[in-house]
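On a predicted model such as this, the values are computed, not experimentally measured, just so you know.
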Amino acid sequence: MLSCINDNATRQRWVNMSRYNHREVEPKWRGRWAAANIDRALAPEEARGKPKAYILEMFPYPSGRIHVGHSRNYTMGDVIARFRRANGYNVLHPMGWDAFGLPAENAAMERGIHPKGWTYDNIAAMREQLKLLGLAIDWSREFATCDASYYKHQQAMFLAFWRKGLVYRKKQKVNWDPVDNTVLANEQVVDGKGWRSGAPVETRELEQWMFKVTAYADDLLAAIGGLDKWPDKVRLMQSNWIGKSQGAKIWWDIASVPEELRAMSPATGQSHARDPIEVFTTRPDTLFGASFLALAPDHPLTKTIAGFRPDVAKFIADCATLGTSEADIEKAEKVGIDLGIRVKHPFDPTWELPVWAANFVLSTYGSGAIFGSPAGDQRDLDFANKYKLPFKPVVLPHGADAATHAITDEAFTGEGVIYNSHFLDGLSTKDAIARAIDELVKREAGEATTQWRLRDWGVSRQRYWGCPIPAIHCAKCGVVPVPEKDLPIQLPEDVTFERDKPGNPLDRHPTWKHTKCPTCGGAATRETDTLDTFVDSSWYFARFTDAQNETAPFDKKLASYWLPVDQYVGGVEHAVLHLLYARFFTRAMRDCGYLDLPSGEPFASLFTQGMVVHETYRATRQVLKPPSVHQDQRGKWVIRGTTVEVTPSTPAAWGGDPADVDRAQRDAFKEFKLPPTWLTPDQVDSSSRPPVIMGTDIPVSVGPIEKMSKSKKNVVDLDAFVTDFGADVARWFVLSDSPPERDVEWTASGVKGAWNFVQRVWSLTEDHVEKFGKQGGSASPPAAVGAAHALRQLTHRTI
RNA sequence: GCCCCAGUGGCGGAAUCGGUAGACGCAGCAGACUCAAAAUCUGCCGUUCGCAAGGACGUGCCCGUUCGAGUCGGGCCUGGGGCACCA
């Protein structure tokens, strides 16, 4: 934008106009930069002493079109990349596409198109839009994760992880839609029902592929301390997610069980009628306040009881309709059922406690069983009160009187002095925990233990549009890896997505899964699960360092030169999962010999940018009459002078389908309904209050200011904006309007400010050139196409 | 429900150690210049009472610590992100 104008005629024209014409300037410089190839990262041996700088923004999912909300992330990375280059760094600033995922299959199902075509079409459109922004990106390294040339390396790495013992198979719960006969993602479960079928969701257990993230739990936690260029909030979220807690395992001996359970137990070996129940607790100091044991609905013992108790079976089924989302499970009303088992208190064998199943106990944490100590835990207290289970307080807050302190509706979760607890009386919370564990060990009723919240990563997806898992199921040899020479296992393209053909298209494909066992040569079937798309994004940053490599995921030397990423920029919504998985994957790649990176940390510095938000607009429901409504070129009924669609009501004289009515009859429509749909900002005139539909006086209701999203239609399309105002206005606005880590609200007044600023900068330079003329060599170095020239422009840009 | 973050004029925000709340900017309004517009320049710009001088209130809410709180402590409220199959 500050670049001098070398072309005299053009300059004269603009000076006369005295106005910055982005429609000429921006394409011109984009073309020059592309021709000079200034954005190409240098190979290490070319760099000759330049320090490296790897700048990366979280790569986009190709959902369709880019709106100005997306542009902030890339603009921030772009500014850093240009600044580093101007400072003499060898900069790697690449771009690619996180291209596998559910939306492509949804589009395929809804519109009868192929996920592959949909995805690559979107990529083509979005690439052109991104280029309009004039980003300093090394496009020679572009790839999409759905390219077989990318995922074949992912398959090879999967096999390497498998050999290293980081891959295993395990039963996992999934959401099952009994009508569509398909596995549902959590977002596809709405109020406990499948989003398409509306049928109550069931949970099923499937044998799934797992990555052993917990093998690195200690290191993933400890290394957070060294990530000093990460935001504190992200480090805290990661620590909490890994969730290391010290506590105790306690084994509760069985006192009595229902007759049916005793009868079905074997005389020797493991038996639910005899084996103690294991629970994990961080508060063994409150053991004397125990009131009950609670098991997860899918605890093995609960399931066994359900075998002869229909009420327990129904309880399990009811819990299953909540789906697998932890948020849904914990928000549900706390309910439980007495399993008819009694256990002995570890410190007093004459004290018997009931064993319940409860919907708030998670089978995925600890042993899937807890002991309830109601006075010290709100959930336990609510549960005890609801089912009239007796309890007593055992922690006396500092300053409280033991004679009068009582717990009714509100638990006391803080620290204090233990009382009502025999040998623990008078101890502090901390001392009582140690003392209780000593006693448990002495009585062989428990032991100290470390518990992690972090679970292993289930990577199996029963979906088509993902990376095929390179495994073969053989009746004789079991599950065997695909030999590396047979990679890639490519997705078949002749698949169908009709709704009435349920399940995974890979699984029902007539030929694809049938193959030979690589071990015995007998008939065998391929694994039809594909990998979680988080796997694709767990190593793409390494692929960018050597994106064209055909024989390996990347050259070890190149990856070791560029990694770690010096500045990673992305949304805080990825603060836990994506970043944690990438940290795991990098360690796994290191330990499988792909990478020379002792720390195993992929991102040295992280920045989480704020969102771009915008007002939302909704049409207010009303009925319109014919003159204000007409049919546009596509045959849709719209409000005259707008693109807002309305629904024709059936004419009074005709009772059939409106689509069948002939022209004359259509003109006879008496009424059109404007439903309360979301409206895009360009359909709304927001200069009047209340805002109205553009070109009409129909009022619009203004909704909350939200993150720009397709579903709320509060998006400003990038193409149209750049055509009207230019990329620099868009870039300047998203950078200047608000601190980068905070949200920025896209407003007309903000755009005007950015526009005025760009104009002012332009006229400043224009005036300068007019008054003082060009300063010969210093303003325009002789080697105008060389790096010096580019560097000078970038310096100007960066100032 | 649990974990994390944010709340200050019309808007973005500033106030670095507890010491004049609203720097700076955007938008807006008024004026100058201009045939006119744009650009530029000047002025006004938290709410409220007042002719004015000046006063009162004011940093999401309540309570506390302090001579003094946007800032420190406790308790809330609202909005946003995440909760392991959206990406």
Side-chain angles (χ1 to χ4, degrees), chain A residues 17-20 58-63 98-106 145 172-175 182-189 195 206 208 213 231-243 323-334 360 362 364-365 378-379 382 453-463 466 529-534 536-537 570-581 608 610-611 613 689 704-707 709 711 733 736-739 741-757 759-760 762-764 766-767:
Chain A
M17 287 169 72
S18 179
R19 204 166 227 241
Y20 170 56
M58 291 179 185
F59 67 161
Y61 179 80
S63 56
D98 188 14
F100 276 135
L102 266 184
E105 292 196 26
N106 291 334
T145 56
Q172 285 276 290
K173 280 191 294 184
V174 295
N175 299 312
T182 186
V183 176
L184 297 174
N186 282 337
E187 73 157 6
Q188 296 174 319
V189 179
W195 67 343
L206 295 180
Q208 304 262 57
V213 179
D232 287 342
K233 63 174 173 182
V234 175
R235 297 202 290 173
L236 192 55
M237 281 190 269
Q238 292 250 328
S239 298
N240 290 344
W241 185 265
I242 295 168
T324 59
S325 147
E326 190 180 313
D328 287 344
I329 291 168
E330 293 213 28
K331 268 189 282 196
E333 194 197 344
K334 316 283 173 282
F360 60 89
L362 301 174
T364 48
Y365 184 73
Q378 193 61 47
R379 275 192 316 201
D382 294 344
R453 214 186 73 93
L454 180 68
R455 307 200 298 257
D456 283 335
W457 176 12
V459 293
S460 281
R461 299 292 181 267
Q462 293 69 44
R463 313 206 183 281
D529 285 356
T530 51
L531 287 172
D532 179 6
T533 57
F534 270 126
D536 311 332
S537 55
V572 72
E573 67 270 24
H574 294 296
V576 175
L577 289 179
H578 162 62
L579 292 171
L580 186 74
Y581 291 148
T608 54
M611 299 176 297
V613 296
R689 289 280 137 168
I705 295 165
E706 291 192 55
K707 177 181 180 176
S709 75
S711 59
F733 180 51
S736 68
D737 195 66
S738 198
E741 68 278 9
R742 297 272 283 265
D743 290 351
V744 51
E745 190 191 347
W746 191 271
T747 58
S749 64
V751 169
K752 179 139 194 322
W755 167 259
N756 286 347
F757 177 80
Q759 300 299 328
R760 209 169 305 147
W762 180 262
S763 31
L764 192 69
E766 285 303 285
D767 290 350

**Student:** Need the glycosidic conformation of B:rC24: syn if within 90° of 0, anti if not. Which one?
**Tutor:** anti

**Student:** Under 4.0 Å between any heavy atoms, over every strand shown, what does A:R453 touch: base, sugar-phosphate, or nothing? Just pick one.
**Tutor:**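 Base contact.
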
**Student:** Of the nucleotides B:rC85, B:rG1, B:rA84, which has the atom closest to the A:K331 side chain?
**Tutor:** B:rG1

**Student:** I'd like the P distance from B:rG79 over to B:rG74, given in whole Å.
**Tutor:**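 Between the two P atoms, the distance is 24 Å.
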
**Student:** Is B:rG73 in the syn range, within 90° of 0, or in the anti range?
**Tutor:** anti

**Student:** Distance check, P atoms only: B:rC85 and B:rG10, in whole angstrom units.
**Tutor:** 45 Å

**Student:** Side-chain contact, heavy-atom cut-off 4.5 Å: A:L580 with A:I242?
**Tutor:** yes

**Student:** Work out how far the C1' atom of B:rU8 is from that of B:rC3, and round it to whole angstrom.
**Tutor:**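 About 27 Å, rounded to a whole number of Å.
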
**Student:** From C-beta outward on A:H574, which listed nucleotide comes closest to its side chain: B:rA84, B:rA87, B:rC85?
**Tutor:** B:rA87

**Student:** Report which part of the nucleic acid A:F534 touches: base, sugar-phosphate, or nothing (heavy-atom distance under 4.0 Å, all strands).
**Tutor:**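 A:F534: base contact, heavy atoms under 4.0 Å.
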
**Student:** Look at all strands and tell whether A:Q462 reaches a base, only sugar-phosphate, or nothing, counting heavy atoms closer than 4.0 Å.
**Tutor:** base

**Student:** Checking contacts here: which listed nucleotide (B:rC85, B:rG82, B:rG1) is nearest the side-chain heavy atoms of A:E573?
**Tutor:**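 That would be B:rG82.
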
**Student:** Is the shortest side-chain N/O distance from A:R742 to OP1 or OP2 of B:rG13 below 4.0 Å?
**Tutor:** yes

**Student:** Grab the CH2-C1' distance between A:W241 and B:rG81 for me, whole Å please.
**Tutor:** 13 Å

**Student:** State plainly whether the residues A:D232 and A:R235 are in salt-bridge range, i.e. N to O under 4.0 Å.
**Tutor:**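 Between A:R235 and A:D232 there is a salt bridge, with a charged N closer than 4.0 Å to a carboxylate O.
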
**Student:** Within the 4.5 Å heavy-atom criterion, are A:F59 and A:T145 side-chain neighbours or not?
**Tutor:** yes

**Student:** Nearest whole Å is fine: how far is B:rG1 C1' from A:E326 CD?
**Tutor:** 9 Å

**Student:** Please report the distance, rounded to the nearest Å, between CG in A:L580 and C1' in B:rC83.
**Tutor:** 13 Å

**Student:** How many whole angstroms separate atom CD1 of A:I242 from atom P of B:rC2?
**Tutor:** 22 Å

**Student:** What integer number of Å spans the C1' atoms of B:rG70 and B:rG18?
**Tutor:** 11 Å

**Student:** Could you state the CG-P distance from A:D328 to B:rC83, rounded to the nearest angstrom?
**Tutor:**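 Roughly 12 Å, once rounded to whole Å.
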
**Student:** With both distances under 3.5 Å as the test, what is the Watson-Crick or G-U wobble partner of B:rG79?
**Tutor:** B:rC5

**Student:** Can you confirm whether A:K233 sits close enough to A:V572 that some side-chain heavy atom of one is under 4.5 Å from a side-chain heavy atom of the other?
**Tutor:**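 A side-chain contact under 4.5 Å exists here.
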
**Student:** Could you tell me whether the phosphate oxygens of B:rA84, OP1 or OP2, come under 4.0 Å of any side-chain nitrogen or oxygen in A:N186?
**Tutor:**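 Yes, A:N186 has a side-chain N/O under 4.0 Å of OP1/OP2 on B:rA84.
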
**Student:** Considering every strand and a 4.0 Å limit on heavy-atom distances, what is the contact class for A:V234: base, sugar-phosphate, or nothing?
**Tutor:** nothing

**Student:** Mind checking who B:rC57 pairs with, Watson-Crick or G-U wobble, both distances under 3.5 Å?
**Tutor:**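 B:rC57 is paired, partner B:rG46.
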
**Student:** If we take the C1' atom in both B:rG54 and B:rU16, what is their distance in whole Å?
**Tutor:**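 So the two C1' atoms sit 34 Å from each other.
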
**Student:** Is any side-chain N or O of A:R455 closer than 4.0 Å to OP1 or OP2 of B:rA84?
**Tutor:** no

**Student:** If you look at every strand shown and take non-hydrogen atoms under 4.0 Å, does A:Q208 touch a base, only sugar-phosphate, or nothing?
**Tutor:** base

**Student:** NZ of A:K173 versus P of B:rA84: gap in Å, rounded?
**Tutor:**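 The distance from NZ of A:K173 to P of B:rA84 comes to 11 Å, rounded to the nearest Å.
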
**Student:** Measure from the side chain of A:A185, starting at C-beta and using heavy atoms only, and say which of B:rC85, B:rA87, B:rC4 lies closest.
**Tutor:** B:rC85

**Student:** Quick one: does A:E187 reach the base of B:rC85 with a side-chain donor-acceptor pair under 3.5 Å?
**Tutor:** no

**Student:** Once rounded to the nearest 0.5 Å, what's the spacing between atom NE2 of A:H578 and atom CG of A:D98?
**Tutor:**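 It comes to 8.5 Å.
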
**Student:** Work out how far the P atom of B:rC11 is from that of B:rC17, and round it to whole angstrom.
**Tutor:**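 It comes out at 27 Å once rounded to the nearest Å.
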
**Student:** In this structure, how many angstroms lie between the C1' atom of B:rG81 and the CD atom of A:Q238, rounded?
**Tutor:**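 Value for this atom pair: 14 Å.
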
**Student:** Mind checking if A:V174 touches a base, just sugar-phosphate, or nothing, with heavy atoms under 4.0 Å?
**Tutor:** base

**Student:** B:rC61 and B:rC77: how far apart are their C1' atoms, nearest whole angstrom?
**Tutor:** 6 Å

**Student:** With a 3.5 Å limit on both atom pairs, tell me what B:rC35 is paired to, counting Watson-Crick and G-U wobble, or say none.
**Tutor:**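 Base partner found: none.
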
**Student:** Just to be sure I understand the rule, does A:S63 reach a base, reach only the sugar-phosphate, or reach nothing, if contact means heavy atoms closer than 4.0 Å?
**Tutor:**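 The residue A:S63 makes no contact with any strand.
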
**Student:** So, applying side chain to side chain contact (heavy atoms under 4.5 Å, CB included) with A:Q462, which one of A:L206, A:T182, A:L184 is it?
**Tutor:** A:L206

**Student:** Counting only Watson-Crick or G-U wobble pairs whose two distances fall under 3.5 Å, which nucleotide matches B:rC26?
**Tutor:** B:rG10

**Student:** For the pair A:H574 and A:F534, name the ring-plane relationship: parallel under 30°, tilted 30 to 60°, perpendicular over 60°.
**Tutor:** perpendicular

**Student:** Given B:rA84, B:rC85, B:rC4, which nucleotide is nearest the side-chain atoms of A:D532?
**Tutor:** B:rC85

**Student:** Classify the nucleic acid contact of A:G458 as base, sugar-phosphate or nothing, counting any heavy atom under 4.0 Å across all strands shown.
**Tutor:**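 The answer is sugar-phosphate, as A:G458 gets under 4.0 Å only of primed atoms, P, OP1 or OP2.
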
**Student:** Expressed as a whole number of angstroms, how long is the span from A:L236:CG to B:rC3:P?
**Tutor:** 11 Å

**Student:** Which whole number of Å gives the distance between the P atom of B:rC67 and that of B:rG9?
**Tutor:** 30 Å

**Student:** Mapping A:A327 and A:K233 to their closest nucleotides on RNA chain B, which lands nearer the 5' end?
**Tutor:** A:K233

**Student:** Any side-chain to backbone donor/acceptor pair from A:E330 onto A:F360? Under 3.5 Å, distance only.
**Tutor:** no

